[in-house]
Engineer: 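Here's a structure for you.
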Amino acid sequence: MKSSGNKLFEKELVMTSLKASFVKLNPKVMFRNPVMFTVEVGTLIMLIVTAYTFITKDHTQGSFGYNLTVFIVLLLTLLFANFAEAIAEARGKAQADSLRKTREDTPAKKIILMGEIFLNEIHTVSSVELKKGDYFLCEAGDVIPMDGEIVEGLATIDESAITGESAPVIREAGGDKSSVTGGTKVLSDRIKVRVTTEPGESFLDKMIALVEGANRQKTPNEIALTILLASFTLVFIIVCVTLKPFADYAQTPITIAAFVSLFVCLIPTTIGGLLSAIGIAGMDRALRANVIAKSGKAVETAGDIDVLLLDKTGTITIGNRKASHFWPADGVNEKAFMEACMLASLSDETPEGKSIIELANTRSMNTPVLKKEEVLKFIKFTAETRTSGIDLDRALHLQKTGSHNGNVATLDDPCIRIRKGAFDAIRNIVTKAGNQFPPATAEKVKEISGNGGTPLVVSQNENVMGVIELQDIIKPGIQERFERLRKMGVKTVMVTGDNPLTAKFIAEKAGVDDYIAEAKPEDKMNYIKREQTEGRLVAMMGDGTNDAPALAQADVGVAMNSGTSAAKEAGNMVDLDNDPTKLIEIVEIGKQLLMTRGTLTTFSIANDVAKYFAIVPALFIATIPALKAMNVMNLTSPESAILSAVIFNAIIIPLLIPLALRGVAYKAIGASALLRRNLLIYGIGGVIVPFIGIKLIDMLISLFL
Amino acid sequence: MNSEYLGIIFSYILTICIALLLARYIAKVFLGEKVWTDKLFGPLDRFLFRFMGIKEEEEMTWKEHLKALLTINMLWLVYAFFVLLFQDKLPLNPDHNPGQTPDLAFNTAISFLVNCNLQDYSGESGATYFSQLFVVTFLQFVSAATGIAALAIVFKALKEKTVTKLGNFWVYFTKSITRILLPISIVIATVLAFNGTPASFKGKDTIITMQGDTQNVSRGPAAGMIAIKHLGTNGGGWFGANSAHPLENPNYITNVTEIVAQVILPVALIFAMGIYIRRKKFAYIVFGVMTVGMFMLLIPTIVSEVHGNPAIAHMGINGANTAMEGKEVRLGIPASAYWTTMTTIISTGSVNCMHESMMPMTGGMQLLGMMINCFYGGCGVGILNYYIFIIIAVFISGLMVGRTPEFMGHKVEAKEMKIAAIIALLHPFLILAGTAISSYVIVNHGGAAWTVQPKNWLNNPGYHGFSEMLYQYTSCAANNGSGFEGLADNNMFWNVTAGFVLILARFLPIIGPVAIAGIMAQKKFIPESAGTLKTDTATFGIMTMAVIMIIAALAFFPSLALGPLAEYFSMK
């Protein structure tokens with residue numbers, strides 16, 4: 001699901017949001033936001049004053065029209081703030097809905113269980129009836145009704161509905177790729193799946209609830225900011241309340257409208273009105289990046305990350321290693337060596353194995369075709385032997401090819417044994433048979449490792465034939481991304497199964513700060529724990545069940561959607577695209593979220609300077625003419641000054657909605673430079689803009705007064 | 001350049017030089033390292049600790065610290081109240097001055113306990129030598145030491161990575177006196193005594209004036225008290241006229257001594273912080289921000305005083321020195337303007353000229369200095385006040401760079417924000433609420449049958465009268481103690497309301513920062529990375545200044561507009 005259109009205000013969304021802005025006027029809802037709640041109280045007071053002036057025609061509190069205008073502007077302030085929240089919610093909801101649509105009410109072939117025994121009885125039920133622990137069957141052409149884990153079988157699945165990626169993927173029982181997502185489509189084969197979530201509790205459901213606000217909990221930073229804003233509000237309540245006896249002393253009558261206006265202008269309504277919209281928009285941005293966050297806190301924490309654990313494969317390098325060179329041992333014919341390499345790789349389905357054959361093909365070697373009777377045995381790769389290869393019947397093979405394959409083969413052996421594997425594994429085989437490992441080849445092996453490659457040694461009948469060099473291809477542009485992360489203060493760590501020599505080479509080339517070589521799952525875990533005890537926040541991405549503990553331990557654990565349900569359960573985010581570079585984006589989204597809050601708070605508070613200069617002289621000018629000198633904006637009249645300030649205060653909210661929804665641009669230029677930049681734009685800007693804005697509005701108003 | 005200006009430039013430079021020298025010494029004292037005064041006062045410390053059962057090595061949590069601090073302060077309050085009440089029955093009263101009334105004793109005891117030294121009495125007639133020495137001078141020492149000790153707790157919390165125990169309060173407190181306040185006071189008192197400040201237990205002297213009249217001249221063991229009055233940023237004078245009195249501040253040398261004495265500790269403590277927490281640059285930035293703030297208040301003050309009184313200019317009398325009302329001719333305008341700024345930004349509140357008589361703009365600057373109350377600020381507490389603003393600035397700027405805010409390696413979270421917000425709120429609340437109540441009483445109950453009728457409280461009508469009230473509460477809330485002396489403040493209403501403002505404005509702003517620092521010190525230490533917002537940069541300094549200006553200054557804008565600003569623009 002790629003984001004549908006980047007327009008901020010789609011007509012449909014605007015309409016629902018407008019409706020919601022009125023519904024949200026309910027004081028019970030408003031109470032959650034102390035700043036806007038006080039504005040609502042002020043609006044109510046103005047409503048009473050307006051009604052009073054209308055009924056009694058008593059003009060000591062200003063004319064009916066003036067009071068009505070103030071009331072309307074205040075009401076608009078509230079509606080604008082509500083609209084900001086509503087539109088953010090609507091956008092998030094629309095995004096989530098389109099994801100949810102894919103999985104609504106699809107027929108499910110439920111397997112009836114008798115105790116622990118599968119009866120091969122199948123009932124077709126609606127997907128909503130499936131419960132956690134139920135089993136269902138999916139065949140080619142079926143849409144998977146619920147999130148679950150494959151318990152039996154293997155299938156190719158089209159996940160484009162979720163990820164937007166059209167190439168089908170393979171999911172199979174056992175292992176790390178056993179998870180299927182509701183709404184995706186089975187293209188071939190059949191699988192039995194166990195449902196892993198209760199209806200309404202899938203990650204997506206949780207995300208929707210978070211965005212919709214019903215379930216939205218304030219994040220720690222949001223709480224702290226709300227406290228700060230509430231205290232600003234309190235200060236200005238004190239300022240306004242005490243102004244009454246002050247004015248009485250100075251024998252200056254101040255209208256209720258002026259008090260309420262002064263108060264509403266001074267309290268930080270701009271950030272108060274946009275605060276929840278900013279939070280929701282952050283979640284929404286994550287969702288647009290196809291990341292499902294389990295809580296708003298997770299997104300926020302992502303902005304604080306100090307250490308990023310990245311898997312080498314797929315993140316730093318493109319896919320898997322590829323064969324790049326054949327290095328025959330001394331005295332071995334190159335053609336014969338390549339032939340042996342190809343034979344050894346025939347049954348090797350791994351990308352590395354395939355790349356060996358591809359490389360040989362480019363050297364005008366034809367892929368050997370073997371008859372059934374020729375092959376004695378295919379040797380699969382196992383963790384113990386750490387080699388793979390093939391055993392051929394010598395006589396039959398030679399008869400077919402006519403070649404007398406190599407000068408190292410022992411002629412009286414009825415069998416040709418070709419093995420391919422890691423250096424030490426092959427060396428074991430060779431030396432055990434009493435043969436010598438050629439020193440030149442050993443030298444080559446070292447050289448390849450030192451250059452970041454992976455050497456694969458090939459032997460035939462326990463004699464070394466040569467080395468295949470596999471090379472990693474580092475993703476273009478990855479160095480710049482790491483540089484950017486470094487400027488953000490994020491340390492990158494590459495995790496790889498490679499030997500330390502190779503790992504070091506790639507780490508240096510890609511520009512990561514550290515690496516974990518020959519990594520086992522517990523190494524990751526230990527690394528995370530160590531960084532955490534030193535006070536750092538760690539993020540990682542993983543998919544396998546053995547990643548689950550580390551994902552749970554990490555402060556931000558992003559599970560791939562293709563991963564096991566254990567992994568998804570352990571992490572606090574799920575990436576629908578299964579894209580390992582996503583972590584970098586997530587960090588930026590988190591930072592953007594905090595920054596937007598900070599800059600708008602600064603802007604909002606800085607606005608007060610101009611508002612003071614607009615309203616305070618207006619309050620006293622009638623009785624203390626000397627204070628005219630403080631009317632630096634030269635506003636037309638006290639009424640127009642107060643109105644201009646309130647109107648500016650109201651319209652700045654909708655003007656900033658786009659910024660709140662998009663977020664402030666993050667620049668990786670270091671914290672101090674960033675502070676300088678934002679202070680200049682939002683701090684100084686926040687002081688200057690209202691002076692201009694209020695003056696302009698005043699000029700406009702004076703035309704009507 | 002005019003020698004009057006050279007005088008204040010010299011005073012300021014001398015202050016900074018002494019402060020820099022003192023800073024290392026103070027840092028060493030609190031780090032527990034050896035200093036040369038150990039030889040002199042070490043035995044005294046050991047005797048006191050043994051006598052009072054204080055175990056030096058026993059460390060306290062921030063809560064235990066505060067418990068100790070508040071308990072001992074409460075004891076002093078009770079003690080001081082009763083001594084002042086019954087001072088006429090106690091010895092050392094050669095002038096036979098009466099005991100204080102309960103409301104005056106309440107106000108005086110609190111006022112000296114909280115390092116404010118607002119005086120609703122005159123030393124010549126309202127206090128005895130005994131109460132001057134054993135209440136006033138005693139409290140001047142211990143209240144200054146309380147502030148410094150509280151700051152020492154925060155120093156320790158800032159320095160350590162993760163820690164719950166923050167040293168021993170009694171040790172900090174005792175060492176503040178024996179290593180810092182006492183030795184320096186002795187030096188200052190000696191200078192003062194040799195320049196004519198009385199140091200005698202004899203009662204009033206009698207002189208025949210040049211007109212042939214007989215006049216009684218009050219005196220007493222004043223030199224020592226005047227020394228600690230400035231050094232400890234206390235400010236309460238031996239005589240009613242404070243340092244404008246010719247015996248309290250006889251000549252230019254004593255004037256320089258006293259103005260330097262009151263600023264050295266606030267400044268030295270900033271530099272000491274840099275040495276103690278091993279972040280000198282941070283201390284320089286703090287000092288820089290405070291100094292810029294100081295100049296922002298000092299320059300308009302000097303300009304408006306030197307410029308002269310426009311009301312007199314309207315009468316056709318032009319020329320310099322028309323704003324001499326309330327000033328001492330022997331000290332001159334710049335020295336008075338410099339003193340007035342310093343005494344209001346740090347919480348001394350001693351005066352060498354009458355604040356009420358100064359130009360409206362100066363009055364505004366004095367008020368603003370006390371409203372902000374952290375440009376250098378009082379002994380120890382100035383940095384504590386500034387610390388609150390740092391926390392708020394750290395929070396906002398942390399968000400601005402996209403990172404959960406942290407200060408000195410510790411996260412600033414909701415709990416700390418709550419405390420900081422309450423403390424930041426408290427100051428405007430106390431000042432504005434106090435002034436509002438008194439305004440209300442004057443307007444609505446002006447004729448109430450009180451000892452002094454509310455309508456007669458103010459010495460001046462209109463804006464200036466408003467400034468008198470505003471000044472009184474601002475001075476109390478800032479624990480400053482200076483006054484717009486026109487106000488009739490020795491009566492039930494002012495003594496009691498001011499008393500409450502004083503006590504709240506003293507202890508909450510000590511509890512708050514110590515609690516924040518203590519809570520933060522317990523958190524996990526986060527090492528610095530490139531993403532960490534550095535707090536020792538000019539940018540962060542500007543940010544702190546902006547926060548101070550907007551929170552501390554803007555909240556008072558309407559009240560300043562009604563008082564000094566209205567007066568200023570009306571006089572023009």
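Note on naming: letters A, B, ... go to the chains in the order of the sequence lines (proteins, then strands), and numbering restarts at 1 for each one. Nothing here was measured: the structure is a model prediction, and the numbers come from that model.
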Engineer: Give the minimum heavy-atom separation between A:Phe232 and B:Ile551, together with the two atoms involved.
Structural biologist: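 So the minimum-distance heavy-atom pair works out to CE2-CG1, 3.7 Å.
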
Engineer: Counting heavy-atom pairs under 4.5 Å to chain A, which of B:Leu565, B:Leu554, B:Val412 comes out on top?
Structural biologist: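 Most heavy-atom pairs within the cutoff with chain A belong to B:Leu554.
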
Engineer: If you take all heavy atoms of B:Val401 and A:Tyr666, which pair is closest and at what distance?
Structural biologist: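 Shortest heavy-atom separation between B:Val401 and A:Tyr666 comes out as O-CE1, 4.2 Å.
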
Engineer: Between A:Val687 and chain B, with a heavy-atom cut-off of 4.5 Å, which part of the residue counts as in contact: side chain, backbone, both or neither?
Structural biologist: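 Neither part; nothing is under 4.5 Å.
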
Engineer: Do the side chains of A:Phe246 and B:Leu432 get nearer than 4.5 Å, heavy atoms only?
Structural biologist: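 Contact flag for B:Leu432/A:Phe246 side chains = yes.
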
Engineer: Work out which heavy atom in B:Ala566 is nearest to a heavy atom in A:Ile624; give both atom names and the distance.
Structural biologist: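 Heavy atoms only, the tightest pair is CB-CG2, 4.0 Å.
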
Engineer: With a 4.5 angstrom heavy-atom cut-off, could you sort out which part of A:Leu243 is near chain B: side chain, backbone, both or neither?
Structural biologist: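 Side chain only.
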
Engineer: Between chain A and each of B:Ala420, B:Pro558, B:Ser559, count heavy-atom pairs under 4.5 Å; write down the option with the most.
Structural biologist: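 Going by pairs under 4.5 Å, I would pick B:Pro558.
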
Engineer: Go through B:Lys534, B:Met417, B:Met400 and name the one with the most non-hydrogen pairs under 4.5 angstrom from chain A.
Structural biologist: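 That would be B:Met400.
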
Engineer: What part of A:Ala673 gets closer than 4.5 Å to chain B, counting heavy atoms only: side chain, backbone, both or neither?
Structural biologist: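 For A:Ala673, neither part sits under 4.5 Å from chain B.
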
Engineer: Could you have a look at B:Thr532, B:Ile396, B:Leu425 and say which one has the most heavy-atom pairs with chain A under 4.5 angstrom?
Structural biologist: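 Ranked by contacts with chain A, first place is B:Leu425.
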
Engineer: Can you list the steps and then say if B:Arg403 with A:Asp306 is a side chain to side chain contact (heavy atoms under 4.5 Å, CB included)?
Structural biologist: CA-CA 10 Å; B:Arg403 208 177 149 92; A:Asp306 300 294; 3.0 Å; yes

Engineer: Looking only at heavy atoms, which two atoms of B:Leu562 and A:Ala250 are closest? And how far apart?
Structural biologist: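 Nearest pair, atom of B:Leu562 first, then A:Ala250: CD2-CB, 3.8 Å.
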
Engineer: In terms of heavy-atom pairs under 4.5 Å, which option from B:Pro527, B:Ala421, B:Ser397, B:Pro428 contacts chain A the most?
Structural biologist: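 Option with the top pair count is B:Pro527.
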
Engineer: How are the rings of A:Tyr249 and B:Phe466 set relative to one another: parallel (under 30°), tilted (30 to 60°) or perpendicular (over 60°)?
Structural biologist: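 Answer is tilted, since the angle falls between 30° and 60°.
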
Engineer: Working to the nearest 0.5 Å, report the span between OH of B:Tyr440 and NZ of A:Lys244.
Structural biologist: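 Here the rounded value is 10.5 Å.
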
Engineer: Is B:Lys411 in contact with chain A via its backbone, its side chain, both, or neither, using a 4.5 Å heavy-atom distance?
Structural biologist: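 Just its side chain gets close to chain A.
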
Engineer: If you take all heavy atoms of B:Gly402 and A:Met595, which pair is closest and at what distance?
Structural biologist: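 That would be N-CG, 3.2 Å.
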
Engineer: Identify which of B:Ile437, B:Thr404, B:Val547, B:Ile422 forms the greatest number of heavy-atom pairs closer than 4.5 Å to chain A.
Structural biologist: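 Greatest number of close heavy-atom pairs with chain A: B:Thr404.
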
Engineer: B:Leu399 and side chain to side chain contact (heavy atoms under 4.5 Å, CB included): which partner among A:Leu600, A:Asn221, A:Thr602?
Structural biologist: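 In the set A:Leu600, A:Asn221, A:Thr602, the residue that makes a side chain to side chain contact (heavy atoms under 4.5 Å, CB included) with B:Leu399 is A:Asn221.
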
Engineer: Could you pull out the closest heavy-atom pair between A:Ile227 and B:Ala414, with the gap in Å?
Structural biologist: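 What the structure gives for the nearest pair is CD1-O, 3.6 Å.
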
Engineer: Got a second to check how far A:Leu266's CG is from B:Phe557's CZ, nearest 0.5 Å?
Structural biologist: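 Spacing of CG (A:Leu266) from CZ (B:Phe557) equals 10.5 Å.
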
Engineer: Using heavy-atom distances under 4.5 Å, tell me whether A:Leu619 contacts chain B through its side chain, its backbone, both, or neither.
Structural biologist: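 When you check distances to chain B, no heavy atom of A:Leu619 falls under 4.5 Å.
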
Engineer: Please check if the number of heavy atoms outside B:Lys159 that lie under 6.0 Å from its NZ is greater than 12.
Structural biologist: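 Counting other residues, nucleotides and ligands, NZ of B:Lys159 exceeds 12 neighbours.
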
Engineer: Supply the atom-to-atom distance A:Glu534 CD to B:Lys524 NZ, rounded to the nearest 0.5 angstrom.
Structural biologist: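 Going from CD on A:Glu534 over to NZ on B:Lys524, the span is 10.5 Å.
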
Engineer: Distance check, rounded to the nearest 0.5 Å: A:Thr242 atom OG1 versus B:Ile431 atom CD1?
Structural biologist: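 It comes to 11.0 Å.
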
Engineer: Checking heavy atoms, do the side chain of A:Arg677, its backbone, both or neither come under 4.5 Å from chain B?
Structural biologist: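 Neither the backbone nor the side chain of A:Arg677 comes within 4.5 Å of chain B.
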
